[in-house]
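The figures here come from the full heavy-atom set of this structure, side chains too, leaving out hydrogens, waters and symmetry mates. Here is the naming used below: chain letters follow the sequence lines, and residue numbers restart at 1 for every chain. Predicted, not measured: the structure shown is a model, and the values here were computed from it.
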Amino acid sequence: MTTFEPEIVALCCNWCSYAGADLAGVSRIQYPPNVRILRVMCSGRVEVGHIIRALEMGADGVLVTGCHPGDCHYISGNEQAEKAIAATKEILTVLGMEDRLSLEWISAAEGQRFGQVMTDFVERIRALGPNPMKEAKVSRGNPGDVPGRLEDLVDRTGVMYCLECGKCEATCPITRMEIAYSPMLIVEEALRDLPEELEADKGLWNCITCGLCSHRCPSGVDFLEFVRQAREVETSSCDRCAHGGVFHALAGIMANEAVSQPGRLDWVEDGMEVAEKGELLYFTGCLPYFEPVLWDVDVHPAGALGSTVRVMNHAGIVPVVMADERCCGHDLVWSGQSGTAFAELARLNVEAIKATGARRVVFTCPEGLRTFAKDYPRVLGEDAIDFELLHITQLFAELIEEGRLELPEGTDEAVPLTIQDPCRLGRHMGIVDAPRKVLDSLPGYELREMEHHGLNAHCCGTSSWLNCGTFSKRIQVERMTQAEDAGADLLVTACPKCFSHFNCTLNEPGSDDTPPKPAVEIVDISVLLSKTLGLEGGGDR
Amino acid sequence: MTKDESVLIIGGGIAGFQAALDLAAAGVQVHMVEKSPSIGGRMAQLDKTFPTNDCSICILAPKMIETYGHKNINVRTYAEVQKVSGSIGDFQVEILQKARFVYEDKCTGCGACMEKCPKKVSSEYEMGLADRRAIYFPFAQAVPRVATIDKDACIHFKTGKCLLCVKECQAGAIDHKMEDEVITVNVGAIIVATGFDVYLPYEMEEYGYGRYENVVTAMEFERIINAAGPTHGHMQRLSEDKGRPKRLAFIQCVGARDVRHDRPYCSAVCCMHSTKEAMLAREHHSDTDSWIFYTDMRAFGKGFWEYIERGERDYGINYIRGKPGEIIEDPETKDLILYYTDRETREVRALEVEMVILATALIPRADAPEVAQILGIEMDEYNFFKAPNVMMSTDTTREGVYMAGYCQKPMDIPDAVAQGSATAARAMEAMAQNPKGGTSQKEVTA
Amino acid sequence: MTEDEWEPKILVFCCNWCSYAGADLAGVARLQMPTHFRVLRVMCSGRFKPEYAFKAMEQGIDGVFVLGCHIGDCHYLEGNHRAKKRFEVLEDMMVHLGVEPGRIKIDWVSASEGVRFQAVITEFVAHIKELGPSPLGGGR
Amino acid sequence: MRHDEEPRIGVFVCHCGSNIGGWLDVPAVAEYAGTLPYVVHSEDNLYTCAEDGLAAIRKAIKEQDLNRVIVASCTPRTHEPLFQATCEEAGLNRYLFEFVNIRDQCSWIHMSEWDAATEKAKELVRMGVAKATRLVPLDRSTAPVELVAMVLGGGITGMTAARAIANSGFEVYLVERRSVLGGLLNRLHKIWPTEESPRQLLDGLEADLEANERVHILTGTEMVDLKGFVGNFDVTLMPVEGNGDGLDLKVGTIIVATGADEMKPDGLYGYGEVEGVVTELELETMLREGNLPEIGNAVFIQCTGARGQRVTYCSRVCCMTGIKNAMELRELYPEASINVLYRDIMAYGISYEELYQRARVKGVGFIRHPKEEPPRVETGPDGKVRVTYRDVILGRDIVQDVDLVVLSTPLVQHEDAKELAQMLRVPLGQDRFFFEAHVKLRPIDFASDGIFLAGTAHGPKDIEESIVQALGAASRSLTFLKAGQVLSEPIVAVVDEDSCIGCGNCIEVCPYGAIELKEGGKRGQVAEVNPGLCKGCGTCPGACPSSSIQQLGFTDEQILAMITALANGGD
């Protein structure tokens, strides 16, 4: 048996701890050679994503060091670092890896302390044993099974049918904000066989794959497949990922069978009834990871988890929830990073579901639903999914129709609300009626449709954690303004991503010059239903 | 020349007229069967025709009257073919003469009955933009000018009461007890010329047809600018304001060249009719501006490209290559905002107009499958009647049955007229080669 | 009638097959032109007789224009040749009577020349306007 | 006879929807008509030509005892037969009808001059009334039709037309200038969409023609003279080469199917200057003969010379020709890059759109350029052709060195078409193609009876469309051949023997030899018109010094009455 030599990444701030490391060197202070120092100007620079990605890549431990509280060269960077590390710890707790991360304060004068901290951390990690990711057999990146020739891509996705009518350009919500992107242009680059231009074209990465252009394209060009595959041809990096690529890294981690998630079900509260086996399974997706990842934008979509279970319980359903549920892999699919990881995620999830005996799988997140319905069969075979897939709104609609949810009497004054059709639910899956059935049956509310709704809905502006930018924000503001124009007080979402992106924009601190935000409140459909049923205990969120 | 040559023509539109008049002039007996109460077909609904801007009804009406009045042509309106047996040279055809509840020989066409009729229904001829009564002429220039009672709408057939029309009719022409009749004719050849329907793009939500009042189809616009139309030729909007639209946008290929709606084909006439309509709008009011949004400007016929250039030069039509992504209505003004890409700057632009005219696909008649079944002929995947030999496009898959006009494939009026004549030639050839009752290729001398 | 109010009155003979058809085509094409002319349809420009011009002008018509098929295109083989020959004689006589050149004119417009019809008519009307009332008109 | 009675004229003024009524005051014209001498009835109608308008005419004739009818509406060229027939139905001789054109020649050409147009319409009606007052009833006569047809042009169109006529039981002469039948198809490689060789199509047709004894094929022959009218044409044919004997034929109808040529684009896109630049037909010849060079890449340039470059029109078939040949090259050289540079792809209808889609699937590239930025072609390095063109979507120029540039040029009328047109007395259009009687409703007729038009002589069209027109023209011919007789218009010349001086001037000017001198009259000789030969041009009255010869329907009296009405009425 070979001895385990941990690999440690130490992120050191320039002014205190990196100087401390130098001092340690000058002072010839000995510490284990397992540490690789990565200098940043301030510990505040360290993001959740950096740490998760380091662990995904097989680092056995990550040590973040900064100036002592009150000493930060940049006044309060280390306070930020403290929050980020706390959030990261939350994520790592779910993964059972919280001990592999540590935050320490080391001043420029503390050469001795630097050596000690390093030695202690190395030993601590040595005791923990190797990061299960070290032996990872799968990885995300450019998948081997996608031929790299644009010509093949053109053939596979039918883009040669493009007649250059320009309807896609005139339809695309991004083109309307930002001329840098044109669906027709990226198709032309592929048709003319110009891979370098396609790769360099920001458009390929700006596309939010909302599918509105495909929906309207008279030539039947499958832009969604084209963009998905073109991204896989063109890249394997995650440079353009939002939030430091943390979700993509998490997907990479979860693709490895050896990784378990001991904290996966920590969200289950007392009084909620869940099971390990049963007829109906609730696939929670990445919701348990949302809160810590989005700590910095003050967005809290995870309430949907509890609300969903409460409503199910209220209807007499005890859902299966899986402790070893994996990321669905959606974000890898749409960022050109399927690698071998995606197929593995699919396999693990489907096997785990089959082990529960579930015949119906319910999703809060339309991305998960779409991925199971359309992308798993691609990698697992057409018959791999032999259980029913449904969106939570479909289940709710069914329960309401069957009279299994008793809704209270309505009041005279109805609160006007409107619904955001998530692109993955509406155009990708063709589900537009279910959320409306739910909302129509809610007493005290009145549904007012936005101009763009159903299959013509505008997207929330970001997808696959890939293209957060100015146009995303503008799309979000415009979409919320449309809701306001429709006379709605509430904008109901049926997707945790839509919920997060809208709230993110609403929560931006901005400045005095920032135009006023649309006056709508974003509410998750499960939470709204749960509240209406009186199941939320009067608490916030 | 054999004196007993006769031909059945199904469809009383321009293609059918041409076939009928050629055959009749050549001494052939023609039975023309038209489903609706009047002959005339689609051309009777058009305002003008491209590329000459000839008035459509003006050039059509003489043909209608000549056809109806010709001694060798027996026109049956409000009738349908319901069974065909036999073979080339000797077909037996059963025609269902639907009861029109008005005697053709007694009705003077005075129209008094329809002034009194209390029941209003949407007029097919006016593309639903106006009402007609339960007893009606489909349009003012109808041939024959004989009233017809729409049984489905007539109050008497529902309640047994009313009969106001009977009271009003001085000619005593109305009889609610009339019954359908079946007539059998023998013919040597059959020509089918049943024309087309207009695709109504309700499902293409992005263009708001059916949702926005001022988004209309080209055929509706033809009626709106027609002097005999529902607005008496005043170009006006369908929204409550009834305002005169000064800015018009035309969108080409709506539901055509569109695989998403299973219609990849090009309707062949729309680039031209949109240009025509934009010209006519300018002629109605010289301060009208038009934009035509297209994919390929298909001005391929004789004098067509010159027509487009005239549209641009003399009528100030703005031709914009690019399909709008969507239309949004301003709920206050009922104006319409189109989003399209400007080809020069490659920016998405918004254009505000007061009316949008959709050049929607022209499609086979809804009852084409039934007609095909009755005639024993095949259709293509879109329900156009099929020519087994592409180089003989007037021939169907059944010997002795020929076809002309839009029921076969997209084409314009002159092509339909040429096909009308061509089917007449094929029918004459067929009858010469297969004299009635003959099974062999017997010679017929002139 | 004062000079200001004078509007010319012009008679145009058109042959049925070419120039009358060309005139129709101009109409169908909505080619706009002055209103001062009146078309008199004859089957062939060969039907035109010089007497008609005299008769017209003596009664106050200000200009006479004969339009036929282009030379070589005559539906009746050579009616337009005849017309042209007669016209040359007529022109000579008119000169003797003091009628300005161009007040009577012969030209050719084919069935496909709507634009040409518009052009020759517009030009002819303008020319007559320039010449003023016919000297044969007897002060109409 | 009723014409001897005092005229009772009815005037019907048509709004023609808004075609007339929108541009001048129709009710005012009708009211004015009512004030004219002998007018006892006047009314205005929305559409006088529609059934209700015609009913109004019939009713007025009966109730008002009209003996003259005037319709002021559109043009006699399309509507006169209709109104004449209506008068006949009501018991009035059809020649007691007079037409006044206030639409094509008034409302439509004076759209911004309401008052002047109204005034003009009134005057035109006044002239019409003046003539109508002097109308007399006339009778039509019939003449037999020579039961033989002649087809000029032995391409696919002419061959198809000839077969249809022969199959229907009539003799037909198929006259072709070249030594072989088949026309332009002889020069094609494959025809779409059957992808068969044009020979297959032609061979079947030729076999049918040769097997039919009613078909007389005259190749290497051309028409040198034509006389006569519908039903009785006298044709003189001569061999093109040598001094062989001519052939005189009598035929009843004629079909013009003389086809078209491919434009040679000298000076465009390096044609004739740069090696490796060819036309579509030249490429088809290379394909047919199998002597194409190795091709790594090629560019097709659509609309070469068309749509404003040399000719004004779109030639309808060149897009499909280019696409067909581009696909052929892709098939022969699967690795080759084949790009089609176009302005608009004219893939109209079903099968062409399908072909266009197929070409895209096969990997043919399509690059659109605006009219203002045509491609540039020059001699490139290594014996290649350098093509520079704009890709509007990429927004930049692309420079490509290619092995072959194929120019899609329009079909154009034959150089010598004018001669034929003059011989036939039929017009050519501005685009130099034969000009049909009516663009919409008479696409294969000429204004002259008995002569018909089919195929690319009428304008660019594909094989299938040419065949349709060929069959159509056959049908139009058959209307005369099967009827066996034609009705002749009675607007012929008549002689007043009392005043005829027998000078013979009329005989000299008559192009038809319809007038002869016979014994009689005051000078011993008088002119006599053979109404069967007279075609009604009215040239003879102009030559008559004693005004003794008149043209019925266009008498001096009638014409002078119109002139007087114009000059003196009203003001």
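- With a 4.5 angstrom heavy-atom cutoff, D:Asn19 touches chain B only via side-chain atoms.
- At distances below 3.5 Å, at least one donor-acceptor pair connects side-chain atoms of B:Lys302 with backbone N or O atoms of D:His458.
- For chain B, the nearby parts of D:Leu471 are the backbone and the side chain; heavy atoms of each come within less than 4.5 Å.
- Of the two parts of D:Met346, the backbone and the side chain both hold a non-hydrogen atom closer than 4.5 Å to a non-hydrogen atom of chain B.
- Ranked by non-hydrogen atom pairs under 4.5 Å with chain D, the options B:Tyr307, B:Phe137, B:Tyr294, B:Phe50 are led by B:Phe50.
- In this structure, B:Cys55 and D:Tyr47 approach most closely via the heavy-atom pair SG-CE2, 4.3 Å.
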Practice item. For side chain to side chain contact (heavy atoms under 4.5 Å, CB included), just list the numbers for D:His438 and B:Ile59, CA-CA rounded to whole Å, side-chain angles, deciding distance to a tenth of an Å, and then say yes or no. Key: CA-CA 10 Å; D:His438 190 276; B:Ile59 56 176; 3.7 Å; yes

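- Proximity to chain D is limited to the backbone of B:Pro264, based on heavy atoms less than 4.5 angstrom apart.
- Salt-bridge check for D:Arg77 with B:Asp54: failed, with every basic side-chain N at 4.0 Å or more from each acidic carboxylate O.
- Looking at B:Asn389, there are no atoms closer than 4.5 Å to chain D (heavy atoms on both sides), in backbone or side chain.
- Each of D:Leu441, D:Leu201, D:Val439 has some count of heavy-atom pairs under 4.5 Å with chain B, and the biggest count is that of D:Leu441.
- Contacts of B:Val28 with chain D are made by side-chain atoms alone, with heavy-atom separations under 4.5 Å and no backbone atom involved.
- Interface remark: B:Ile14 contributes side-chain atoms only to the contact with chain D (heavy atom separation under 4.5 Å).
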Exercise for review: Please assess D:Glu464 against B:Val390 for the test side chain to side chain contact (heavy atoms under 4.5 Å, CB included), listing each intermediate value before the final yes or no.
Suggested key: CA-CA 7 Å; D:Glu464 180 258 313; B:Val390 287; 5.7 Å; no

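- Contact annotation for D:Phe435: only backbone heavy atoms (N, CA, C, O) come within less than 4.5 Å of a heavy atom of chain B.
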**Study point:** Pair D:Tyr313-B:Glu306, side chain to side chain contact (heavy atoms under 4.5 Å, CB included): steps then yes or no
**Key:** CA-CA 6 Å; D:Tyr313 54 88; B:Glu306 293 88 335; 3.3 Å; yes

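- Note on D:Ile191, D:Leu82, D:Ile156, D:Ile345: by heavy-atom pairs under 4.5 Å with chain B, the leading option is D:Ile345.
- Heavy-atom pairs under 4.5 Å with chain D peak, among B:Pro62, B:Ala25, B:Ala61, B:Pro410, at B:Pro62.
- Heavy-atom distances place both the backbone and the side chain of D:Leu478 under 4.5 Å from chain B.
- Using a 4.5 Å cut-off between heavy atoms, B:Asn226 contacts chain D through its side chain alone, with no backbone atom that close.
- Using a 4.5 Å cut-off between heavy atoms, D:Val468 contacts chain B through both its backbone and its side chain.
- Contact count versus chain D (heavy atoms, under 4.5 Å) is highest, among B:Gln141, B:Arg298, B:His284, for B:Arg298.
- Ranked by heavy-atom pairs shorter than 4.5 Å toward chain D, the options B:Met43, B:His232, B:Met297, B:Glu309 are led by B:Met297.
- Under 3.5 Å, the side chains of D:Thr479 and B:Asp22 contain no donor-acceptor pair of N or O atoms.
- The two residues D:Glu354 and B:Tyr382 make their nearest non-hydrogen contact at OE2-OH, 4.4 Å.
- For D:Asp344 (side chain) and B:Asp296 (main-chain N/O), no donor-acceptor pair under 3.5 Å exists by modelled atom type.
- Counting heavy atoms from C-beta on, the side chains of D:Arg476 and B:Gln18 come closer than 4.5 Å.
- Remark: B:Glu429 does not engage D:Arg163 in a salt bridge, criterion side-chain N to carboxylate O under 4.0 Å.
- Heavy atoms closer than 4.5 Å to chain B are found in the side chain of D:Tyr342, but not in its backbone.
- Ranking D:Gly472, D:Ser475, D:Ala50, D:Gly17 against chain B, the residue ahead of the rest is D:Ser475, based on heavy-atom pairs under 4.5 Å.
- Ranked by heavy-atom pairs under 4.5 Å with chain B, the list D:Arg343, D:Arg103, D:His15, D:Arg368 is led by D:Arg368.
- In this structure, chain B has heavy atoms under 4.5 Å from both the backbone and the side chain of D:Cys49.
- The candidate from D:Ile393, D:Asp104, D:Asp462 with the greatest count of non-hydrogen atom pairs under 4.5 Å with chain B is D:Ile393.
- What you find for D:Asn167 and B:Ala432 is that their closest heavy atoms are O-CB, 3.4 Å.
- In terms of heavy-atom pairs under 4.5 Å with chain B, the best-connected choice from D:Cys314, D:Ala347, D:Ser73 is D:Ala347.
- Using a 4.5 Å cut-off between heavy atoms, D:Lys371 contacts chain B through its side chain alone, with no backbone atom that close.
- Going from atom CD of D:Gln200 over to atom CE of B:Met391 covers 11.0 Å, rounded to the nearest 0.5 Å.
- Residue D:Arg316 comes nearest to B:Gly301 through the heavy atom pair NH1-CA, 3.7 Å, listed as atom of the first residue, atom of the second, then distance.
- Contact of B:Thr52 with chain D is made through the side chain alone, with heavy-atom distances under 4.5 Å.
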Point to revise | Verdict with reasoning, D:Lys482 to B:Glu5, per salt bridge (charged side-chain N to carboxylate O under 4.0 Å, His left out) | key: CA-CA 12 Å; D:Lys482 291 191 72 154; B:Glu5 288 180 337; 2.7 Å; yes

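- Side-chain contact check for B:Arg257 versus D:Tyr356: some heavy-atom pair is nearer than 4.5 Å.
- Residue D:Glu51 comes nearest to B:Ala142 through the heavy atom pair CB-O, 3.7 Å, listed as atom of the first residue, atom of the second, then distance.
- For the pair B:Ser393/D:Ile467, no side-chain contact is recorded, criterion being any heavy-atom separation below 4.5 Å from C-beta on.
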Check your understanding: Can D:Ile350 and B:Phe384 be said to form a side chain to side chain contact (heavy atoms under 4.5 Å, CB included), step by step?
Key -> CA-CA 10 Å; D:Ile350 300 172; B:Phe384 289 108; 3.4 Å; yes

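- Minimum interatomic distance between B:Ala418 and D:Pro443 (heavy atoms only, all atoms of both residues): N-CG, 4.3 Å.
- Separation of atoms CH2 (B:Trp305) and CZ (D:Arg307) is listed at 4.0 Å; rounding is to 0.5 Å.
- Highest contact tally toward chain D, considering only B:Ala19, B:Ala299, B:Ala256, is held by B:Ala299 [criterion: heavy-atom pairs under 4.5 Å].
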